[in-house]
Amino acid sequence: MGLGNRTDLMSVIRRVIVGTAGHIDHGKSALVQTLTGTHPDRLTEEQERGMTIDLGFAPYVHRSGDVVGIIDVPGHERFIRNMVAGASSVDLALLVVAADDGVMPQTREHLDILRLLGTERGILVVTKTDIVDGEMVELVKEDLRGFVAGSFLENAPCLCLSSLTGEGIEELKKALDDLIDEIPNSEETGPFRLPVQRVFTKAGHGTVVTGVPLKGTVSVGDVLQVVDSGQPIRVRGIHAYGTSQESGRAGHSTALNVTGVSKSEVCRGMVVASPGIFRPHSKLLVSYEHFDQAEPLGNGLPVKMHLGTAEVMGRAVVLDQAAVEYQEEAFLQVRLESPVVTSAGDRYLLRHAASLRLLGGGVVLDGSDGRLKRFKERVLGDARRRLEASSDSTALVGVTVLSASRRGVNLESLSQSTGCSFGELAEILQQLESQGDVVRAGKDLFVDLHSLEEVGDELVALLGQGHREQPLRSWLDVGYLRSQMDLSEEVLQSAMDVDVRIERDAGGRVRVQGHAVTLGDDLLKARERILDGLKAGGLRPPVVDEVLAGIRGAELDRLLEMLWQAGEVVVIGGHNFTAEVIGDLRDHILAHGRQREGKIDIPALRDEIGTTRKFLIPLLEYFDAEGVTVRQGEGRRLRGVIKS
């Protein structure tokens, strides 16, 4: 996959990857060369040793003229990690078995790897038929059929051929073309992500990174990010199968010529992606299926994890059982020695850290920053929901919001957890909001409705408790709820918006809908004495203590607060006035000013209402604040009344 200037492959490139699999020296590379005209062994060492070490890429021309990529992966056990890097993006497998050898150990391991990595289509290919007799070929075919029974290849075509003589090649091409036509296009939507398979420098071009994008598209001039380091890079050129392209797409074997990073700063296992979406994690919640017949997977076992093109040591923590037996499924948290970049739905493999024996694999469910506790239903319930939603972006977003519970989750965290772009998330969240499953709390926080309803229940219970503890208060300050609940302001406000049982007023006060203070006989009489005394005092009100002989201290304070909250008494300048008296004064001031073309004659007003400066000054300041009057020098006039 170089950066030459070939122009003979400018037909449409299908977003399909065909991969070979099979034991060493069973004829995979020769088969690829026969199908494509290109030998996949590009490294000198490979050509000298006659053994594929690294991934080889070659363009196969479909009968339509479209181009499809074939990856030839190594068969030798020592190079199994490279086989995993190739198989992680294979849509269709050619399982190759030599007629003179039959099914071998790496054949078995490669089939397990393909199954674990989610490959769903393939062809069985018996090679080297020119060096054995027909009876031997039939025996190998029969053995191969029995070997793949119960796997995704159980009903696959089984074709016999010789790359040397060409016998059976046309039949293989037809079967291959038919299967390619069945494969749906790889997903182009969403953020671009390419696990790096190879990095090199080409004279006159600079740094080149290669791989098969898992999702999205990239165009010349786009800015990407080496996610592992955070380094921004710019794409200056794109090649696919030797041809210059304006864009790279999911499912294309792609080379990106980039600026902003040197060859030494990028390596296999890293990820190049759209900026700001992905981040590395050292702890992964995963589903797991155990394929090792030798022994169960024990809790805490040291493992080697293969994820995309990355290979990292770690430990497997079994979350839902003591150990995982052969063909059993489980949930694990894989705690890695170094972080990897991944996304929900990615496939992975685990191998024994010491023996490198294949253990099993499954699907990444989520990246986590903390250690998950074993046998916790909250953890396991979340894992089950994530597994069910792993192939559906909308469901995955919903589950991620649900898992965040009352904390809520913002767009950036949602994007990192689900691998969805901000544009995708906007559409999905709008759908979930319209369905009533998710509520937007504030500008950029999303909470599932069920969690908000649970918060509402707790808030109503707290308000009820507050009403009982403070029976003379009609309303409670919202700060009371803030002090009792460990919630963000956005979630608190959204929970009160959603719950019709909670009533709020503009002053930041809250109560249970319809709550009213019920007073005993003594307090009812005290209330009447206060109101009667303040009303009698008019605009020269008495101190409340003077009209109440029997109530003092906290009980009096609560009774006054109840009258303030009810709007029956207004506090102005530290003095208590009845609302009725203040309303009458407002009418008097308006009439007074209108008779004087808007001007307020303060001495005249004082005499008219029969009060003193002690009370009049705070009263005038109150009406200034209320927008009735406005200060003008040392005097006042009605607001909005202009002298004619």
Side-chain angles (χ1 to χ4, degrees), residues 276-279 281 285 343-345 365-370 372 376-390 392-464 466 476-504 508-513:
I277 305 296
F278 305 97
R279 67 184 180 95
H281 291 282
L285 172 65
S343 184
L365 303 179
D366 191 29
S368 58
D369 295 321
L372 299 177
K376 293 292 183 181
E377 182 52 37
R378 180 187 62 80
V379 172
L380 299 178
D382 180 49
R384 286 190 288 269
R385 288 189 294 269
R386 288 182 180 277
L387 179 60
E388 291 172 1
S390 59
D392 183 336
S393 295
T394 300
L396 183 59
V397 170
V399 166
T400 304
V401 176
L402 177 64
S403 297
S405 187
R406 62 185 59 194
R407 299 187 312 276
V409 59
N410 60 26
L411 278 175
E412 182 177 356
S413 296
L414 265 178
S415 184
Q416 291 172 351
S417 294
T418 63
C420 295
S421 68
F422 291 148
E424 284 181 296
L425 286 175
E427 293 182 7
I428 292 172
L429 289 167
Q430 185 177 26
Q431 176 184 338
L432 293 175
E433 285 183 81
S434 66
Q435 293 171 188
D437 298 325
V438 168
V439 174
R440 184 188 295 264
K443 181 181 178 182
D444 184 31
L445 193 71
F446 297 88
V447 191
D448 78 283
L449 181 61
H450 179 69
S451 294
L452 283 182
E453 290 172 341
E454 288 183 342
V455 170
D457 290 341
E458 294 177 28
L459 292 177
V460 170
L462 275 173
L463 287 174
L476 300 174
D477 191 275
V478 73
Y480 167 75
L481 297 179
R482 292 192 187 101
S483 67
Q484 301 295 316
M485 298 284 286
D486 184 18
L487 294 172
S488 69
E489 185 65 21
E490 295 89 348
V491 172
L492 176 64
Q493 295 296 333
S494 293
M496 291 191 292
D497 287 340
V498 167
D499 201 311
V500 297
R501 298 170 295 175
I502 299 175
E503 184 180 357
R504 290 184 285 173
R509 300 180 304 174
V510 292
R511 67 183 179 187
V512 174
Q513 181 73 37

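Heavy atoms only: backbone and side chains are in, while hydrogens, waters and symmetry mates are out.
Taking CG of Leu429 as the start and CZ of Phe446 as the end, the distance is 4.5 Å to the nearest 0.5 Å. The structure places CZ of Arg511 at 14.5 Å from CG of Asp477, a figure rounded to the nearest 0.5 Å. Here the CG atom belonging to Leu463 is positioned 4.5 Å from the CG atom belonging to Leu481, to the nearest 0.5 angstrom. To the nearest 0.5 angstrom, Gln513 atom CD is 4.5 Å from Glu503 atom CD. Annotation: the span from Gln431 atom CD to Thr394 atom OG1 amounts to 5.0 Å, rounded to 0.5 Å. One distance of note links CZ of Arg406 with CG of Leu452; it measures 9.5 Å at 0.5 Å rounding.
Shown here for Arg407 and Val491, the closest heavy-atom pair between the two residues is O-CG2, 4.3 Å. Nearest heavy atom pair, residue Gln493 against residue Glu489, reads NE2-OE2, 2.6 Å. Contact detail for Ser415 and Phe422: the closest heavy-atom pair is CB-CE2, 3.7 Å. Closest non-hydrogen pair, Gly419 versus Phe278, comes out as CA-CE2, 3.7 Å. Minimum interatomic distance between Ala404 and Val409 (heavy atoms only, all atoms of both residues): CB-CB, 3.9 Å. Across Val512 and Gly464, no two heavy atoms sit closer than the pair CG2-N, 4.1 Å.
The shortest side-chain heavy-atom distance between Ser393 and Ile428 falls under the 4.5 Å cut-off. For the pair Arg386 and Thr400, the minimum side-chain heavy-atom distance is below 4.5 Å. Using a 4.5 Å heavy-atom threshold, the side chains of Arg378 and Asp382 count as separate.
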*Are Val478 and Arg504 close enough, and set up right, to give a side chain to side chain contact (heavy atoms under 4.5 Å, CB included), and what steps lead you there?*
CA-CA 9 Å; Val478 73; Arg504 290 184 285 173; 5.9 Å; no
*asked:* Walk me through whether Ser417 and Asp366 qualify under side chain to side chain contact (heavy atoms under 4.5 Å, CB included).
replied: CA-CA 6 Å; Ser417 294; Asp366 191 29; 4.0 Å; yes
*Start with the C-alpha gap between Asp499 and Leu459, add the side-chain angles, then the distance that decides, and say whether side chain to side chain contact (heavy atoms under 4.5 Å, CB included) holds.*
CA-CA 9 Å; Asp499 201 311; Leu459 292 177; over 6 Å; no
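Tyr480 contributes no side-chain N or O that, together with a main-chain N or O of Val510, makes up a donor-acceptor pair within less than 3.5 Å.
A donor and an acceptor atom, one from each side chain of Ser494 and Asp497, are nowhere located under 3.5 Å apart.
A search for side-chain hydrogen bond (donor to acceptor under 3.5 Å, both in side chains) contacts involving Glu454 returns His450, not counting sequence neighbours.
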Name every donor-acceptor pair, under 3.5 Å, that has one atom in a side chain of residues 436-445 and the other anywhere in the protein, sequence neighbours excluded.
from, atom 1, to, atom 2, distance (Å)
Asp437, OD2, Gln435, NE2, 2.8
Arg440, NH1, Lys443, O, 3.2
Asp444, OD1, Leu411, N, 3.2

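Counting heavy atoms of neighbouring residues, nucleotides and ligands inside a 6.0 Å radius, atom CD of Gln430 does not exceed 12 of them.
Under the salt bridge (charged side-chain N to carboxylate O under 4.0 Å, His left out) criterion, no residue pair touches residues 410-423, with sequence neighbours excluded.
When each of Val401, Leu396, Val399, Ile277 is checked for a side-chain contact (heavy atoms from CB on, under 4.5 Å) with Thr418, only Leu396 meets the rule.
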